[in-house]
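Shown next, in structure tokens, is the structure this report addresses.
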Amino acid sequence: MQKVIAIDGPSASGKGTVAARVAAKLGWDYLDSGAIYRATALHVANQHIDFSNEDEIAQLAEHLPLRFQAGKILLADEDVSSTIRNEEVGMNASRIAAYAKVRAALLQRLRSFLTEKGLVADGRDIGSLIFPQAKLKIFLTASAQVRAERRAKQLNIACEGEAFERILNDIIARDKADASRPVAPLRQLPDAHLLDTSDLSIEESVQHILDLYQTVA
Ligand code: DC
């Protein structure tokens, strides 16, 4: 068993916030694997590489000049922590994440985040492919409506009207893309605990995972 808590789930489920807090409570490291796919997608756009060119994107991913430093995400020494969060980058990340060669190129980099300290990692394939021997696997989700409302609040947008509908539709489209791709599709593993946070606060979700961890530690 690896000293890993794998938290997989759909876009905007809150898994990043929850995973980071669980890591802080345990004194473990936290890996936001989506940020690496996002940074790769941003780099592809910055380098004007065609998003249909799997081979070139995989090469770029292999040598991605990415560093995590003092809570910041640096791409070629530039702080891209907030740029990678925009929806266009998210959509492009979803597109390149469907390429087997890109996933293979990032595999070792993702695994290298595990040290003896322990690691809480979130993503889509953490429990299935990156850390299949994780001590605890969680499938963290919430309804599309609730996830869209959370995203809208983050962006200071009202939870109704055209802008909100766009957010909701983007979330549904990305769920579909991530779940229907042939390579590493998003799905709940048989050995993962389902945690639906639609009616839970962040603190309740964190506590739930810590309680589950106590049962396997
Ligand atoms: O979790 P996120 O929204 O930051 O992820 C961005 C995209 O990256 C998402 O649409 C799917 C992809 N991704 C992936 O395929 N595998 C991961 N382990 C993490 C993210």
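Counting convention: from 1, in listed order, for ligands and their atoms alike. Note that the structure is a prediction, hence the values are computed from the model and not measured.
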Look at atom CD of E88 and say whether more than 12 heavy atoms of other residues, nucleotides or ligands are closer to it than 6.0 Å.
-> no

Is there a donor-acceptor contact under 3.5 Å from the side chain of S94 to the main chain of G90?
-> no

Before accepting this row, confirm whether a basic side-chain N of the pair R151/D170 lies closer than 4.0 Å to the acidic partner's carboxylate O.
-> no

Less than 4.0 Å from some atom of ligand 1, heavy atoms are found in residues K15, S33, G34, Y37, R38, A93, S94, A97, R103, G123, R124, D125, R174, D178, R181

Excluding sequence neighbours, so at least two apart, what forms side-chain hydrogen bond (donor to acceptor under 3.5 Å, both in side chains) with R21?
-> E203

Is the number of heavy atoms from other residues, nucleotides or ligands within 6.0 Å of CG (D211) greater than 12?
-> yes

Counting N and O atoms only, with roles assigned by atom type, does the side chain of S143 sit under 3.5 Å from a partner on the main chain of V146, one being a donor and the other an acceptor?
-> yes

